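Following: one structure in structure tokens, then a few remarks.
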Amino acid sequence: MKRSITDKQKEAPRLKYGLNHSTEEEKSGLVERTTERDISFASGKLKEIQFGHFHIGYCELHLKNGGEIPVCVETSSIEMEFVLQGNCRRSYPDYSEALVLYQNKHNLSFVAPTTTSSKWKSEDHKVKLLQVNIEPDYFLAYLKKDINAFKKLEKLKQSI
């Protein structure tokens, strides 16, 4: 799962999200990284762990300039997103309706490569977010083993 966040004032990717498979991962089976940034729309910390077909990211941000975050999704994934602090309205170019994520709620969705913008709001300008991403092929193979789960997630399967 790969994403990049672009600083509109500098027009260049300022934060890469998602880890590349590396010799470190091949040796240990696990890669971890912590990134801290201060850019035009937010400052904060991103902690990432990647192993096998999974990527986990935990983000704490302090929003600036209205809380709009431009994101470029580079690879598809099944995403479980847990909003721990703040609220988000995310618009996608191919959909007429925006996705709204509320504090203390979660979402399970298929995320395809796209460019999107997330507008975050928080009374204290802080956002906390946990994302778990799974490679789609692995997810589908696992679902096929449990026919009841496969039927319950039919709409998600069709999106993939």
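Values in this document were obtained by computation on a predicted structure and should not be read as measured data. What you see below is based on every heavy atom in this structure, not just the backbone, and it leaves out hydrogens, waters and symmetry mates.
- The cluster map of Ile, Leu, Val, Met, Phe, Trp and Tyr, joined by side-chain heavy atoms under 4.5 Å apart, puts V132 and L30 in the same cluster.
- Between K105 and V83, every side-chain heavy-atom pair lies at or beyond the 4.5 Å cut-off.
- Side-chain contact between T115 and V71: absent, with no pair of heavy atoms (C-beta onward) separated by less than 4.5 Å.
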Mind running side chain to side chain contact (heavy atoms under 4.5 Å, CB included) on K64 and D38 for me, showing each step along the way? CA-CA 10 Å; K64 307 175 191 177; D38 187 356; 2.2 Å; yes
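- Close placement of the F54 and Y138 rings is indicated, their centers lying within 6.0 Å of each other.
- Here the OG-CZ distance, from S77 to F110, works out to 8.0 Å after rounding to the nearest 0.5 Å.
- Partners of Q85 by side-chain hydrogen bond (donor to acceptor under 3.5 Å, both in side chains), not counting sequence neighbours, listed by chain and number: D124.
- In this structure, the side chains of Y102 and N104 stay at 4.5 Å or more apart for every pair of heavy atoms.
- In terms of modelled atom types and a separation under 3.5 Å, the side chain of Q103 and the main chain of G86 share a donor-acceptor contact.
- Using a 4.5 Å cut-off on side-chain heavy atoms (C-beta onward), R33 and T35 make contact.
- For the atom pair CD1 of I69 and CH2 of W120, the computed distance is 7.5 Å after rounding to the nearest 0.5 Å.
- Between atom CG of residue N107 and atom CZ of residue F82 there is a gap of 9.5 Å, rounded to the nearest 0.5 Å.
- Nearest heavy-atom pair across Y58 and L84 is CE1-CD1, 3.7 Å.
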Stepwise side chain to side chain contact (heavy atoms under 4.5 Å, CB included) test for I134 and M80: CA-CA 9 Å; I134 306 169; M80 291 179 277; 3.9 Å; yes
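- Taken to the nearest 0.5 Å, the CD atom of E74 stands 12.0 Å off from the OG1 atom of T114.
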Side chain to side chain contact (heavy atoms under 4.5 Å, CB included) for I49 and V31? Distances and angles first, verdict last. CA-CA 6 Å; I49 299 173; V31 178; over 6 Å; no
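- The shortest non-hydrogen separation linking L46 to C59 is CD1-CB, 4.1 Å.
- Summarising the geometry, atom SG belonging to C88 is positioned 7.0 Å from atom CD belonging to E81; distances are rounded to the nearest 0.5 Å.
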For the pair V127 and L63, evaluate side chain to side chain contact (heavy atoms under 4.5 Å, CB included) and give the outcome as yes or no after the intermediate values. CA-CA 7 Å; V127 169; L63 302 172; 3.6 Å; yes
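- Counting only distance, with no hydrogens or angles, the side chain of K45 and the backbone of R37 share no donor-acceptor pair below 3.5 Å.
- Using a 4.5 Å cut-off on side-chain heavy atoms (C-beta onward), L130 and I56 make contact.
- Distance check, rounded to the nearest 0.5 Å: NE2 of H125 to CG of L61 gives 13.5 Å.
- With H55 as reference, E48 is the one residue of E79, Q50, E48 to meet the side chain to side chain donor-acceptor pair (under 3.5 Å) rule.
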